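Worksheet: one structure, shown below.
One-based numbering along the sequence shown. Every value quoted in this text rests on a predicted model; they were computed, and no experiment measured them.
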Amino acid sequence: MIYNERNSGMKRGPMAKKIEQNKFEIGGETDMRKLVLFMHVSLDGYASDSNGGLGWIPYNEELVKYADEIVSEVGAPVYGRTTYQLMESYWPKMLDNPNASRHDMEHAKWLQDVKKIVISGTMDKVEWNNTMLIKDNIAEEIKVLKEQPGKNLVIFGSPGAAKTLLGFGLIDEFLLTICPVVLGDGKSVFDGGGEKIKFKLLSSRTFKSGIIATRYELEK
């Protein structure tokens, strides 16, 4: 485990439901935090197209508002290497951008300060403020984080990391926004495992764009 706590004001640890007015509550101050996957997927279950692209997602004001609802309940975002590097290359620059929208500036400030977790076996260090890198003992490290107080841990996209965490049986809930498009090929969290995974639907809502925002938990 590598933890960059530069300017974070946080110390390193020992190891390194309701729906209200159409709002998903994915976490508050609980005794045991959950690990939640928040991901946009196609009708055929892909999280990105064959080139890693996301241009097929009908991202509009309605989806932005929904994403903001999710972010407001996040204790720590979790990323894989690729998603983390994309986020790190974009959002810190927004803090010095005089043309940034109020929404983007607020999100950039939140990302700068919040504790971020990266799952990667190939990275050796992290530079972004208040970022924790987990290279080894992934299951053990995540279990320790889940036992800490606070809001939930939420995986944003990151199908590779999500697939690893799903394989360890660590993901408790799945917030899947199902987009009205068939990609035919791409990257999926759920392929290649060879095992049936059963979910229990907790809630859903439909957007004008045709997206269905679903919330599932693993069926025990």
Side-chain angles (χ1 to χ4, degrees), residues 1-13 16 23-29 33-41 47-48 52-120 122-134 142 145 148-162 165 175-177 179 207 209 211 213:
M1 176 181 69
I2 300 172
Y3 183 31
N4 177 8
E5 56 184 3
R6 172 168 47 88
N7 300 324
S8 69
M10 298 180 66
K11 295 182 179 179
R12 176 172 171 170
K23 177 177 178 180
F24 287 92
E25 258 186 273
I26 63 168
E29 301 296 330
R33 298 199 284 185
K34 294 179 180 179
L35 180 63
V36 179
L37 173 62
F38 177 43
M39 178 173 285
H40 306 303
V41 297
S48 66
L54 301 175
W56 47 274
I57 301 171
Y59 216 79
N60 55 21
E61 184 176 350
E62 192 175 28
L63 190 55
V64 170
K65 184 178 179 181
Y66 171 68
D68 287 343
E69 293 177 8
I70 303 303
V71 168
S72 71
E73 300 294 337
V74 175
V78 181
Y79 307 112
R81 176 185 58 81
T82 300
T83 303
Y84 169 78
Q85 290 175 339
L86 288 171
M87 299 288 283
E88 183 189 29
S89 67
Y90 180 81
W91 285 107
K93 296 176 183 177
M94 201 59 57
L95 295 170
D96 299 318
N97 185 350
N99 298 316
S101 67
R102 179 178 178 181
H103 176 275
D104 284 354
M105 183 61 69
E106 289 177 350
H107 190 65
K109 289 178 179 178
W110 176 77
L111 280 170
Q112 184 70 11
D113 295 334
V114 73
K115 181 175 182 178
K116 297 165 284 291
I117 300 162
V118 186
I119 309 294
S120 174
T122 59
M123 296 178 66
D124 294 318
K125 62 180 180 179
V126 287
E127 299 290 344
W128 201 357
N129 177 59
N130 201 10
T131 300
M132 173 182 177
L133 171 62
I134 300 178
I142 292 296
L145 289 168
Q148 295 175 1
K151 297 178 181 179
N152 287 336
L153 312 171
V154 179
I155 310 160
F156 285 86
S158 308
L165 294 166
L175 297 176
L176 304 178
T177 53
C179 301
F207 297 153
S209 63
I211 286 178

In Å and rounded to the nearest 0.5 Å, what is the [atom1] to [atom2] distance from [X] to [Y]?
{"X": "Leu176", "Y": "Leu37", "atom1": "CG", "atom2": "CG", "value": "6.0 Å"}
{"X": "Trp56", "Y": "Cys179", "atom1": "CH2", "atom2": "SG", "value": "5.0 Å"}
{"X": "Ile70", "Y": "Leu175", "atom1": "CD1", "atom2": "CG", "value": "5.0 Å"}
{"X": "Phe207", "Y": "Thr177", "atom1": "CZ", "atom2": "OG1", "value": "7.5 Å"}
{"X": "Lys109", "Y": "Asp104", "atom1": "NZ", "atom2": "CG", "value": "12.0 Å"}
{"X": "Ile57", "Y": "His40", "atom1": "CD1", "atom2": "NE2", "value": "5.0 Å"}

*Would you sort out whether Leu111 and Trp128 count as a side chain to side chain contact (heavy atoms under 4.5 Å, CB included), showing the intermediate values?*
CA-CA 10 Å; Leu111 280 170; Trp128 201 357; 3.9 Å; yes
Looking only at heavy atoms, the pair that brings Ser72 and Lys151 closest together is O-NZ, 3.0 Å
Minimal heavy-atom distance between Met39 and Ala47, with the atoms involved, is SD-CB, 3.5 Å
Side chains of [X] and [Y]: does their closest heavy-atom pair fall under 4.5 Å?
{"X": "Phe38", "Y": "Pro77", "answer": "no"}
{"X": "Leu54", "Y": "Tyr59", "answer": "no"}
{"X": "Phe156", "Y": "Val71", "answer": "yes"}
{"X": "Glu73", "Y": "Val36", "answer": "no"}
{"X": "Ile211", "Y": "Pro58", "answer": "yes"}
{"X": "Tyr84", "Y": "Thr131", "answer": "yes"}
{"X": "Ile155", "Y": "Leu35", "answer": "yes"}
{"X": "Arg33", "Y": "Leu145", "answer": "yes"}

| said: Between Lys65 and Glu69, does any NZ, NE, NH1 or NH2 come within less than 4.0 Å of an OD or OE carboxylate oxygen? | reply: no
Only residue of Gln85, Arg81, Met87 satisfying side chain to side chain contact (heavy atoms under 4.5 Å, CB included) with Thr83 is Met87
When you measure from the side chain of Ser158 to the backbone of Tyr79, do you find a donor-acceptor pair of N or O atoms at a distance under 3.5 Å?
no
Review point. Between Leu63 and Ser209, does a side chain to side chain contact (heavy atoms under 4.5 Å, CB included) hold up when you go through it step by step?
Key: CA-CA 9 Å; Leu63 190 55; Ser209 63; over 6 Å; no
His103 vs His107 aromatic rings, parallel, tilted or perpendicular, using cut-offs 30° and 60°?
parallel
Hits for salt bridge (charged side-chain N to carboxylate O under 4.0 Å, His left out) against Glu62, two or more places apart or cross-chain, chain-then-number order -> none
Task: Full working for side chain to side chain contact (heavy atoms under 4.5 Å, CB included) between Val74 and Val114 - done: CA-CA 9 Å; Val74 175; Val114 73; 5.6 Å; no
